[in-house]
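The sequence lines fix the lettering, A, B, ..., with proteins before strands; numbering per chain opens at 1. All values derive from a computational prediction rather than experimental measurement.
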Protein chains: 2
Amino acid sequence: MGNSKLYKGSLSTIILKLLSETEKMYGYEITQKVKILSHGELTITEGALYPALHKLEAEGFLEVEVVKVDNRFRKYYKLTEKGATETTSKLEELNDYIKTMQALMSPSFNLQ
Amino acid sequence: MGNSKLYKGSLSTIILKLLSETEKMYGYEITQKVKILSHGELTITEGALYPALHKLEAEGFLEVEVVKVDNRFRKYYKLTEKGATETTSKLEELNDYIKTMQALMSPSFNLQ
DNA sequence: CTTCATGCCTAAGAAAATTATGTATACATT
DNA sequence: AATGTATACATAATTTTCTTAGGCATGAAG
């Protein structure tokens, strides 16, 4: 377990998708959720996550709300409208990629 | 067409898989085959392909045979034994990744 | 004689990870 | 009291792997 490789380019799609379902989440929560949903197959490193969140925010896809909980602060992220649109297009892109890869991996299904 | 994004990390898997089916191929041939199999969805740029081929060769996964055809030379690549093993593990890795992504993208299927 | 297809190549730069830290709180264990 | 683990944020250096943009050469078609 814990060894499914993260293909570069898919992290932002994962973040957006999770936020399209949970309204608002903070970074650490995202890493835990990914572990659970992937049954321990995928670990999001913090060195990848936080820069990705900051970039999505800078692009206007996420907005932040800082909340103090138990004397610790959390930065909750949620989708903007622009971010919701982006999520749709990222998901489509991922599905296209998976279809394309399956076509390449199963060439016998593609003889015309 | 021609806009399916190449997720970083998948190119070597594509090359290995194609070579596991066609015995020997040269670079240009690989770019054309990918276009056909992906129905024009995916274009492998030469700037990505040739360095990737050289790396796979350096790692001992491919071996080269230079052939002169029509006064032009071609570099045919074929899998080594080590390369065949690597292909199997790369394909498994890709399948795991796709399964994991589908789990993340369809969380309703993952409630325990 | 210019363009397109075939066929190889590399260099500069960007994108997006990994790896390795650093900071801080709080709780449990030794 | 000291250490480790979990929570929670962050950045810096490095590596991997692309994209973009070019170069070189042959041969056919226009």
Side-chain angles (χ1 to χ4, degrees), chain A residues 2-16 24-36 40 42-59 61-62 64-77 86 90 93-94 97 100-101, chain B residues 2-16 24-36 40 42-59 61-62 64-77 86 90 93-94 97 100-101:
Chain A
N3 48 8
S4 204
K5 198 181 156 185
L6 180 61
Y7 282 66
K8 295 183 184 182
S10 46
L11 178 57
S12 62
T13 307
I14 293 172
I15 295 171
L16 292 171
K24 64 176 185 176
M25 299 179 84
Y26 54 99
Y28 187 77
E29 188 184 6
I30 291 174
T31 66
Q32 301 309 301
K33 188 102 177 192
V34 168
K35 266 186 202 165
I36 291 168
L42 196 58
T43 298
I44 302 302
T45 63
E46 299 181 319
L49 178 68
Y50 291 111
L53 285 171
H54 300 161
K55 194 187 175 199
L56 289 169
E57 187 195 349
E59 289 167 327
F61 299 137
L62 302 183
V64 191
E65 187 196 349
V66 179
V67 178
K68 196 151 195 171
V69 179
D70 290 332
N71 218 31
R72 265 188 225 108
F73 73 98
R74 285 180 187 166
K75 284 179 77 174
Y76 277 99
Y77 290 90
E86 178 72 1
K90 282 280 193 185
E93 201 177 76
L94 178 66
Y97 165 75
T100 298
M101 288 305 285
Chain B
N3 47 10
S4 204
K5 198 181 157 186
L6 180 62
Y7 281 66
K8 294 184 184 180
S10 45
L11 178 56
S12 61
T13 308
I14 293 172
I15 294 171
L16 292 171
K24 62 175 184 174
M25 298 180 83
Y26 54 98
Y28 187 76
E29 188 184 6
I30 291 173
T31 67
Q32 301 308 301
K33 188 103 178 190
V34 168
K35 266 185 201 165
I36 291 167
L42 196 57
T43 298
I44 302 301
T45 63
E46 298 181 321
L49 178 69
Y50 291 112
L53 285 171
H54 300 159
K55 194 187 175 199
L56 289 169
E57 187 195 348
E59 289 166 327
F61 300 137
L62 302 183
V64 191
E65 185 195 349
V66 179
V67 178
K68 196 153 196 170
V69 179
D70 291 333
N71 218 33
R72 264 190 224 108
F73 73 99
R74 285 180 188 167
K75 284 178 77 175
Y76 277 99
Y77 290 89
E86 178 72 2
K90 282 277 194 187
E93 201 177 78
L94 178 66
Y97 166 74
T100 298
M101 287 306 283

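- Here the side chains of A/Glu29 and A/Tyr76 are in contact, with some heavy-atom distance below 4.5 Å.
- Mapping A/Asp70 and A/Ala48 onto DNA chain D by nearest heavy atom places A/Asp70 at the nucleotide closer to the 5' end.
- Heavy atoms of A/Ser10 sit under 4.0 angstrom from primed sugar atoms or phosphate atoms, though from no base atom.
- A sub-4.0 Å separation between OP1 or OP2 of D/dT11 and a side-chain N or O of A/His54 is present.
- For A/Gln32, taking side-chain heavy atoms from C-beta onward, the closest of the listed nucleotides D/dT7, D/dA8, D/dC18 is D/dT7.
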Item to complete: List the steps and the verdict of side-chain contact (heavy atoms from CB on, under 4.5 Å) for A/Leu42 and B/Tyr97.
Response: CA-CA 9 Å; A/Leu42 196 58; B/Tyr97 166 74; 6.0 Å; no

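- You'll find that the side chain of A/Leu11 is closest to C/dA17, out of D/dT7, C/dT10, C/dA17.
- When each of A/Thr45 and B/Tyr77 is assigned the nucleotide of DNA chain C bearing its nearest heavy atom, the one mapping closer to the 5' terminus is B/Tyr77.
- Between C/dG7, C/dT10, C/dA16, one nucleotide has an atom nearer to the side chain of B/Tyr26 than all others, and that is C/dG7.
- At whole-Å resolution of the value, CD1 in A/Ile30 and C1' in D/dT7 are 15 Å apart.
- Using a 4.0 Å heavy-atom distance criterion, B/Glu29 is classed as making no nucleic acid contact.
- Contact record, A/Gly9 with A/Ser12: O-OG, 4.0 Å, taken as the closest heavy-atom pair.
- OP1 or OP2 of C/dC9 sits under 4.0 Å from a side-chain N or O of B/Lys75.
- The listed nucleotides are D/dT20, D/dA6, C/dT6; the one nearest the side chain of A/Tyr28 is D/dA6.
- The residue A/Gly9 sits close only to the backbone: its heavy atoms come under 4.0 Å of sugar-phosphate atoms, none of a base.
- Between B/Ile15 and B/Ala52, the closest heavy-atom pair is CD1-CB, 3.9 Å.
- Atom CD1 in A/Ile14 sits roughly 13 Å away from atom P in C/dA16 (whole-Å rounding).
- Side chain of A/Arg72, nearest nucleotide from C/dA16, D/dA6, C/dC8: D/dA6.
- Side-chain N/O atoms of B/Lys55 and base N/O atoms of D/dT17 include no donor-acceptor pair closer than 3.5 Å.
- Using a 4.0 Å heavy-atom criterion, one finds that B/Gly47 contacts the bases of the nucleic acid, with or without backbone contacts as well.
- For the pair B/Leu49 CG and D/dT17 P, the computed distance is 14 Å after rounding to whole Å.
- For B/Asn71, the listed nucleotide lying nearest its side chain is D/dT26; candidates were D/dT26, D/dA10, C/dA17.
- No option in A/Thr43, A/Ile14, A/Thr45, A/Val34 other than A/Ile14 meets the side chain to side chain contact (heavy atoms under 4.5 Å, CB included) test with A/Leu6.
- Backbone-only contact: B/Arg74 has heavy atoms under 4.0 Å from sugar-phosphate atoms and none from a base.
- Computed from coordinates, the B/Lys8 NZ to C/dG13 P distance equals 16 Å when rounded to whole Å.
- With rounding to whole Å, A/Phe73 atom CZ is found 11 Å from C/dT25 atom P.
- C/dA12 atom C1' lies 18 Å from atom CD of B/Glu46, rounded to whole Å.
- Two residues, A/Ser12 and B/Val69, neighbour DNA chain C, and the one matched to the more 5' nucleotide by heavy-atom proximity is B/Val69.
- Note: CG (A/Leu6) to C1' (D/dT15) measures 15 Å, nearest angstrom.
- For the pairing with B/Leu53, the side chain to side chain contact (heavy atoms under 4.5 Å, CB included) check across B/Tyr26, B/Tyr77, B/Phe61 returns one residue only, B/Tyr77.
- In this structure, the CD1 atom of A/Ile44 is 16 Å from the P atom of D/dT7, given to the nearest Å.
- For B/Tyr50, counting side-chain heavy atoms from C-beta on, the closest listed nucleotide (D/dT7, C/dC9, D/dT11) is C/dC9.
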